[in-house]
*Asks:* 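Structure incoming, see below.
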Amino acid sequence: MTSPISTRRHGDILIVTSNNPPVNALGHAVREGLVKAIEEADGDDQVKAVVIRCEGQTFFAGADISEFGTPKSFAPPMLPQVVDIIENCTKPVVAAIHGTAFGGGLEVALACHYRVAVPSAKLGVPEVKLGLLPGAGGTQRLPRVAGVAKALDMAATGNPIGAKEAHEVGLVDRLIEGDLESHAVAFADEVKEVRPVPRASERTDKIEGVDSSVFADFRKANARKFRGFDAPEYNIQAIEAAVSKPYAEGVQEERRLFMELMSGTQARAQQYFFFAERKAAKIDGIPEGTSPREIRKVGVIGAGTMGGGISMNFLSAGIPVTIVEMQQEALDRGTGVMRKNYEATAAKGRMTPEQVEKAMGLLTPTLKLEDLADCDLIIEAVFENMDIKKEVFGKLDRIAKPGAILASNTSYLNVDEIAASTSRPEDVLGLHFFSPANVMKLLEVVRGAKTAPDVLVTAMQLAKKIRKVAVVAGVCYGFIGNRMLMPRQIEANKLLLEGATPEQIDRVHVEFGMPMGPFQMADLAGVDIGWHRDPSRIENIRDALCAIDRWGQKKGAGFYDYDEKRRPSPSPKVQEIIEEFRAREGVTPREIDDQEIIDRTLYTMVNEGAKILEEGMAQRASDIDVVWVYGYGWPVYRGGPMFWADTEGPAKIVEGLKRRGFDVADLLARKAEAGEKFTR
Ligand code: T1G
């Protein structure tokens with residue numbers, strides 16, 4: 001088998017090239033090849049210096065995650081050995097960086113004696129996003145080269161930095177404009193006589209005299225963000241070791257912490273999720289070579305919260321949008337909110353004023369539906385009512401050009417029924433964005449019975465362009481996410497009646513790792529969503545709250561009372577309403593423990609997930625997990641509802657559901673009986 005690593009001489013410089021598509025992952029063959037190349041350089045007196053570079057889209061993007069848990073990942077030489085061999089090379093070694101030098105890739109670059117990079121390159125240690133830490137010396141070399149504060153931020157958050165910033169902090173020695181290879185060779189030629197070669201592991205200038213308060217302050221500043229995750233704290237401890245211990249001991253501590261994480265459930269869940277997210281982009285049953293339609297111009301109907309947010313995604317991606325409203329006042333309000341949101345982003349330094357003007361400059365507001373006639377894609381975001389949607393699609397059918405894609409942002413309704421109100425159901429699908437649509441990453445792409453393959457392919461490709469994670473869902477009430485949300489909300493409301501409190505139920509969900517529980521979420525989204533608007537008709541606790549204007553955070557009161565900073569507190573009034581309802585329904589409250597809440601609000605979700613899979617409303621179990629992590633804040637360190645079901649054990653879930661009197665989905669019962677899993 002040809003090695004993915006090749007070498008060739010350029011004068012007295014040895015050029016070591018990796019060609020391991022798609023991202024030059026540091027699999028076993030690459031590791032072996034790198035060691036051989038350094039041995040070749042060390043053994044050849046003609047060689048005065050070395051350049052390590054990669055073919056393709058990127059420099060090494062890290063260890064090969066697909067090897068984790070397989071014998072290959074432990075086959076020598078392991079990455080810690082490889083980086084030591086590179087660093088101990090007696091000739092100067094220069095890393096030539098383009099694309100993304102991530103994880104083990106950055107650790108290889110840190111073992112090199114010099115790093116040059118093109119300005120567009122990114123450098124990072126995202127291992128924490130896989131539930132890990134940089135396990136090949138990165139936590140010891142990075143603070144020595146880039147400083148403790150930068151290393152802490154990069155390792156504990158996993159967020160990369162650009163080459164320019166890397167140059168400013170000393171992580172990159174030279175920015176290269178033009179051809180990377182030739183400039184890297186020229187740089188190697190400049191430093192080939194430097195002795196001793198500068199080894200990062202021997203540097204102390206950036207770790208001496210560092211006050212330990214740096215770590216305490218960092219922990220305090222990020223406590224909320226790191227809540228529930230194991231890996232960030234381990235990354236902090238490893239960098240603390242870099243400051244408090246000599247290099248050799250620090251590396252041992254790094255290895256100990258790495259192995260502890262690697263054997264944990266969170267790392268397994270987060271690595272599973274890495275591939276789940278990428279698998280979601282693949283659509284079953286699409287003929288090979290199906291090419292997408294071109295989307296040069298988008299139309300959006302409705303300038304409300306959803307319509308405005310949806311439009312911003314396309315404007316930010318440089319795609320012109322025509323937005324339609326019925327009244328001028330509503331149109332002005334909608335476009336005003338979009339500009340305010342952009343300006344807020346700019347105020348946080350995440351956009352420049354020029355970028356705001358460029359995006360808003362691509363927006364054409366109108367009161368005329370006919371102005372959408374030349375759009376390639378039209379997204380309807382009007383009131384969630386079937387008759388209104390069918391009327392809109394009927395009109396669109398007469399206005400839109402042939403080949404235009406017609407999409408509905410419905411959250412629940414039957415996309416096939418909407419498509420049937422046109423003469424071109426093959427051009428119709430659902431594009432279900434999540435609120436706030438310009439922020440939430442998830443996009444449910446609802447595949448209608450007649451949706452054409454190229455329409456689906458177009459939607460998935462467009463999703464990537466507007467930085468969304470798209471998941472294909474079938475046509476059923478609430479698709480994947482909201483369909484699984486319903487049993488949770490129904491049981492949460494029943495549990496209230498039977499004796500639990502909103503605080504107890506929400507606490508169980510927050511302790512589980514959700515950003516908030518069912519009732520905090522209802523208060524954020526609006527208790528009045530879907531309410532029949534008749535204060536005299538009180539059929540449940542929610543009706544009772546709505547009838548007295550307790551619509552949630554926006555009204556300062558919902559299932560909780562809110563202060564001026566929107567901080568929730570338990571509400572005696574709500575407790576009173578609940579007790580009134582219990583009396584009215586003849587329910588005697590009882591003690592409810594946390595496990596019952598989990599059985600009835602989370603096990604029921606898994607049960608619904610199994611039905612969704614049985615019915616083919618999701619292509620694979622991992623898609624359900626992507627929906628819940630990106631759409632509903634399910635903690636990624638639990639992988640998602642279906643991965644968690646496998647961790648919890650299908651048999652235990654079946655037992656819990658039966659104990660509470662629920663009908664168990666066939667697929668779940670079968671998995672439990674056969675001892676099988678959903679996701680692995
Ligand atoms: N290992 C194996 N496969 C990988 C991979 C990796 N590190 N990175 C990407 N792939 C596959 C991916 O599954 C997909 O496959 C294809 O490459 C394209 O990826 C000791 C232990 C580099 C920014 O965490 O962030 O080093 O779906 O669709 O959008 O300290 O991939 O086509 O079959 O994402 O252009 C640390 C992970 C590893 C970086 C490119 N490194 N990768 O993004 O393409 S842990 C990472 C990424 C480590 C050491 C430790 C991104 C990317 P398929 P893609 P992209």
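If you read the sequence from its start, that first residue is 1, and numbering goes on from there. Atoms within each ligand, like the ligands themselves, are counted from 1 in listed order.
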*Asks:* Look at the aromatic rings of Tyr630 and Phe273 and report parallel, tilted or perpendicular, splitting at 30° and 60°.
*Replies:* tilted
*Asks:* Determine whether the side chain, the backbone, both or neither of Pro126 has a heavy atom under 4.0 Å from any heavy atom of ligand 1.
*Replies:*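 The part of Pro126 near ligand 1 is the side chain, not the backbone.
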*Asks:* Could you check which of Pro22, Gly27, Pro21 puts a non-hydrogen atom nearest to atom 18 (C) of ligand 1?
*Replies:*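 Answer by nearest heavy atom: Pro22.
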*Asks:* Between Glu260 and Arg256, is there a salt bridge with N-O shorter than 4.0 Å?
*Replies:*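 Salt bridge flag = yes for Glu260 with Arg256.
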*Asks:* Aromatic rings Phe218 and Phe226: how do their planes relate, parallel, tilted or perpendicular, breaks at 30° and 60°?
*Replies:*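 Rings of Phe218 and Phe226: tilted, 30 to 60°.
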*Asks:* Between Glu254 and Arg141, does any NZ, NE, NH1 or NH2 come within less than 4.0 Å of an OD or OE carboxylate oxygen?
*Replies:* no
*Asks:* Just to confirm my output: which protein heavy-atom neighbour is closest to atom 29 (O) of ligand 1, and how far is it?
*Replies:*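 The answer is Lys464 NZ, 4.1 Å.
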*Asks:* Under the side-chain hydrogen bond (donor to acceptor under 3.5 Å, both in side chains) criterion, do Glu87 and Ser201 qualify, and how do the steps go?
*Replies:* CA-CA 8 Å; Glu87 190 179 58; Ser201 62; 2.7 Å; yes
*Asks:* How far is atom 19 (O) of ligand 1 from the closest protein heavy atom, and which atom is that?
*Replies:*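 Scanning the protein heavy atoms, the shortest distance from atom 19 (O) of ligand 1 goes to Arg278 NE, 4.1 Å.
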*Asks:* Any heavy-atom pair between the side chains of Met262 and Gln271 that's under 4.5 Å?
*Replies:*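 When only atoms from C-beta onward are counted, Met262 and Gln271 do touch, with a gap below 4.5 Å.
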*Asks:* Below 4.0 Å from any atom of ligand 1, is there a heavy atom belonging to Leu130?
*Replies:* yes
*Asks:* Apply the test side-chain hydrogen bond (donor to acceptor under 3.5 Å, both in side chains) to residues Thr100 and Thr58: give CA-CA distance (whole Å), side-chain angles for both, the deciding distance (0.1 Å), then the verdict.
*Replies:* CA-CA 6 Å; Thr100 52; Thr58 180; 2.9 Å; yes
*Asks:* Determine, using heavy atoms of Lys282 and all atoms of ligand 1, whether some pair is separated by less than 4.0 Å.
*Replies:*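 Yes, Lys282 has a heavy atom closer than 4.0 Å to ligand 1.
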*Asks:* Around atom 39 (C) of ligand 1, find the nearest protein heavy atom and jot down its residue, atom name and distance.
*Replies:*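 Here the closest protein heavy atom is Ala61 O, 3.3 Å.
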*Asks:* Just to be sure I read this right, does ligand 1 sit under 4.0 Å from the backbone of Glu107, its side chain, both, or neither, counting only heavy atoms?
*Replies:* side chain
*Asks:* Of all the non-hydrogen atoms in the protein, which one sits nearest to atom 52 (C) of ligand 1, and at what distance?
*Replies:* Thr100 OG1, 4.4 Å
*Asks:* Using a 4.0 Å heavy-atom cut-off, which part of Phe68 comes near ligand 1: side chain, backbone, both, or neither?
*Replies:*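 Looking at Phe68 and ligand 1, just side chain atoms fall under 4.0 Å.
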*Asks:* Answer with yes or no whether Pro134 contacts ligand 1, where contact means a heavy atom under 4.0 Å from a ligand atom.
*Replies:* yes
*Asks:* Considering only the protein, which heavy-atom contact is closest to atom 10 (N) of ligand 1, and what is its distance?
*Replies:*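 Protein heavy atom with the smallest distance to atom 10 (N) of ligand 1: Val23 CG2, 3.8 Å.
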*Asks:* Would you verify that at least one protein heavy atom lies under 4.0 Å from atom 41 (N) of ligand 1, or report that none does?
*Replies:* yes
*Asks:* List ligand 1 atoms under 4.0 Å from Phe275, heavy atoms only on the residue side.
*Replies:*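 By the 4.0 Å cutoff, the relevant atoms are 13 (O).
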*Asks:* Do the ring centers of Phe512 and Trp644 come within less than 6.0 Å of each other?
*Replies:*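 For Phe512 and Trp644, the ring centres are under 6.0 Å apart.
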*Asks:* Mind checking the CG-NE2 spacing from Leu175 to His183? Nearest 0.5 Å is all I need.
*Replies:*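 The NE2 atom of His183 is 12.0 Å from CG of Leu175, to the nearest 0.5 Å.
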*Asks:* From the options Asn20, Asp64, Val82, select the one whose nearest heavy atom is closest to atom 3 (N) of ligand 1.
*Replies:*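 Result: the heavy atom closest to atom 3 (N) of ligand 1 is in Asp64.
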*Asks:* Give me the nearest non-hydrogen protein atom to atom 37 (C) of ligand 1 as residue plus atom name, then the distance to 0.1 Å.
*Replies:*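 The closest one turns out to be Phe274 CE1, 3.4 Å.
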*Asks:* Leu132 versus ligand 1: do any nitrogen or oxygen atoms come within less than 3.5 Å of each other?
*Replies:*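 So ligand 1 has no N or O lying under 3.5 Å from an N or O of Leu132.
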*Asks:* Under 4.0 Å between a Lys/Arg side-chain N and an Asp/Glu carboxylate O for Glu208 and Lys206?
*Replies:*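 Result for this pair is no, no salt bridge flagged.
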*Asks:* Could you check Asp625 against Tyr272 for side-chain hydrogen bond (donor to acceptor under 3.5 Å, both in side chains), going step by step and ending with a plain yes or no?
*Replies:* CA-CA 10 Å; Asp625 291 344; Tyr272 152 81; 2.5 Å; yes
*Asks:* Could you tell me how the ring of His432 sits relative to the ring of Phe434: parallel (under 30°), tilted (30 to 60°) or perpendicular (over 60°)?
*Replies:* tilted
*Asks:* Who's the nearest protein heavy-atom neighbour of atom 23 (C) of ligand 1, and how far?
*Replies:* Phe102 CE2, 3.8 Å
*Asks:* Where does Gln57 meet ligand 1, judged by heavy-atom distances below 4.0 Å: at the side chain, the backbone, both, or neither?
*Replies:*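 Only the side chain of Gln57 comes within reach of ligand 1.
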*Asks:* Between Cys54 and Asn19, is there a side-chain heavy-atom distance shorter than 4.5 Å?
*Replies:*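 A side-chain contact is absent here, since even the closest heavy-atom pair is not under 4.5 Å.
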*Asks:* Can you confirm whether something in the protein, heavy atoms only, sits under 4.0 Å from atom 13 (O) of ligand 1?
*Replies:* yes
*Asks:* Gly103 heavy atoms, cut-off 4.0 Å: which ligand 1 atoms fall inside?
*Replies:*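 Those atoms are 26 (O), 36 (C).
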*Asks:* Identify, for atom 7 (N) of ligand 1, the protein heavy atom at the shortest distance, and state residue, atom and that distance.
*Replies:*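 Nearest neighbour among protein heavy atoms for atom 7 (N) of ligand 1, to 0.1 Å: Ala63 O, 2.9 Å.
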*Asks:* Would you kindly specify which portion of Ile65 sits under 4.0 Å from ligand 1, judged on non-hydrogen atoms: side chain, backbone, both or neither?
*Replies:* both
*Asks:* Is Lys91 salt-bridged to Glu39, cutoff N-O under 4.0 Å?
*Replies:* no
*Asks:* Is there at least one pair of N or O atoms, one from Glu127 and one from ligand 1, spaced under 3.5 Å apart?
*Replies:*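 For ligand 1, there is an N or O atom that lies under 3.5 Å from one belonging to Glu127.
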